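Worksheet: one structure, shown below.
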Amino acid sequence: MSDNNIYVTRSSIPPMEEYIEEISSIFDSHLLTNMGPKHHTLSNELTRYLKVDNVSLFSNGHMALELCLQAFGLEGEVITTPFTFASTAHAIVRSGLTPVFCDIDPVTYTMDPSKIEALITDKTCAIVPVHVYGNLCDTDAIEEIAKKHGLKVIYDAAHAFGVCKAGKGAGSFGDASMFSFHATKVFNTIEGGAICYSDDKIGEKLYRLRNFGILDQETVSDVGANAKMNEFQAAMGICNLRHIEEEIGKRKALYERYMSHLRNIPGITLCNIPDDVTHNYAYLPVVFDENVLNKTRDTIFADLAQENIFARKYFYPLVQDYDCYKDKYNSDSTPVAQYVANRVLTLPLYADLSMEDVDRICKIILK
Ligand SMILES: *Cc1c(COP(=O)(O)O)cnc(C)c1O
């Protein structure tokens with residue numbers, strides 16, 4: 001089924017022949033899952049590509065984050081951001097921990113480090129910041145606070161695949177980082193995810209937790225889950241990784257086209273990429289100020305939808321305002337996040353979007 005609608009993203013897939021070639025050995029070996037040869041190859045290749053010490057692969061990013069929190073044996077409160085996807089807070093709650101929401105920085109939309117310390121109590125055990133839209137958090141400031149208070153730092157790097165700062169991979173900050181390889185992300189294994197870590201003890205724990213806590217044939221040491229990446233997922237990753245530079249290059253050209261139309265327009269705020277950052281152009285978030293533009297984000301969203309262009313309100317509503325959290329939290333405590341959530345729109349951006357479509361989208365926004 002194909003249509004002319006433009007959505008916020010479109011999954012990248014390798015040429016069909018390339019994938020068939022990659023999976024043909026699975027039909028000889030009958031090794032379908034449980035850390036087989038494709039799994040092994042992909043984790044090695046990703047360790048190199050992401051410039052990290054170790055990569056542990058998972059069935060999806062969410063389970064990776066949940067089991068990572070469990071691997072650190074955390075208890076109590078976790079400081080996180082409300083300006084993120086549902087998964088971040090859900091992983092904390094489902095691990096028996098209590099999220100505490102910290103406001104965001106008005107420029108990068110990542111956790112504002114100057115607001116962290118006021119939220120620390122004697123129950124705080126960790127900080128879970130998000131490199132939202134691939135914008136890196138202020139990792140130095142967060143590390144300093146974590147060291148001072150003896151807290152673990154686990155990054156949700158779901159948006160930051162391939163992002164580097166001064167040559168350092170996004171997954172090399174903090175105690176561990178989670179990447180998502182979901183179909184809608186810059187790099188996908190259909191569904192999939194990973195934890196990057198440096199402590200080998202955490203690596204062993206992760207290995208067991210994603211496979212029912214099984215240590216060996218007769219020893220089950222942990223209450224684990226099943227979160228293994230299978231061989232067909234890993235094969236998709238091996239193929240997609242061969243095309244990643246081209247993928248990001250196409251996104252960059254489209255991103256620059258958007259910038260050429262939307263830059264320096266009063267009432268429109270775009271994200272800037274710092275000089276020492278290599279970005280992945282995963283998303284194109286735009287914040288619209290209704291007082292200057294005389295129209296709201298919701299009007300622009302509807303104008304685009306009228307033309308079959310489906311932007312997304314990432315991230316609206318804020319996590320505290322979800323039905324499942326609103327009885328316990330109030331988003332008034334994070335005013336910057338509230339301001340951005342009410343005005344942000346994520347515009348379509350994917351490798352095979354056309355320049356003409358970008359021109360058309362911007363024309364609708366600016367009309
Ligand atoms: C996609 C995403 C996740 C979850 O990843 P899955 O692979 O879909 O489970 C977690 N956090 C953020 C910020 C995401 O965008």
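Just so you know, these numbers come straight off a predicted model, no measurement behind them.
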Using a strict threshold of under 4.0 Å (side-chain N to carboxylate O), is an ion pair present between [Y] and [X]?
{"X": "Asp276", "Y": "Lys165", "value": "no"}
{"X": "Lys250", "Y": "Asp352", "value": "no"}
{"X": "Asp289", "Y": "Arg343", "value": "no"}
{"X": "Arg242", "Y": "Glu18", "value": "yes"}
{"X": "Arg360", "Y": "Glu356", "value": "no"}

Kindly indicate, with the supporting measurements, whether the criterion side-chain hydrogen bond (donor to acceptor under 3.5 Å, both in side chains) is fulfilled by Lys228 and Asn230.
-> CA-CA 6 Å; Lys228 302 183 295 290; Asn230 71 51; over 6 Å; no
Take a 6.0 Å sphere around [atom1] of [X] and say whether it holds more than 12 heavy atoms from other residues, nucleotides or ligands.
{"X": "Met355", "atom1": "CE", "value": "yes"}
{"X": "His40", "atom1": "NE2", "value": "no"}
{"X": "Phe301", "atom1": "CZ", "value": "yes"}

What pairs meet the ring-ring contact (aromatic ring centres under 6.0 Å, His included) rule with one or both residues in residues 253-299, with sequence neighbours excluded?
-> His159-Tyr283, Tyr255-Tyr281, His279-Tyr281
Check the angle between the aromatic planes of His131 and Tyr155 and answer parallel, tilted or perpendicular using the 30° and 60° thresholds.
-> parallel
Should the ring pair Phe161 and Tyr49 be called parallel, tilted or perpendicular, given that the plane angle runs from 0 to 90° and is split at 30 and 60?
-> parallel
Check the pair Ser12 / Glu247 against side-chain hydrogen bond (donor to acceptor under 3.5 Å, both in side chains), numbers first and verdict last.
-> CA-CA 8 Å; Ser12 295; Glu247 164 81 26; 2.5 Å; yes
Of Leu206, Asp175, Asp53, which meets side chain to side chain contact (heavy atoms under 4.5 Å, CB included) against Tyr197?
-> Leu206
For His62, enumerate each residue passing the ring pair (Phe, Tyr, Trp, His ring centres under 6.0 Å) test, keeping only those at least two apart in sequence or located in another chain.
-> none
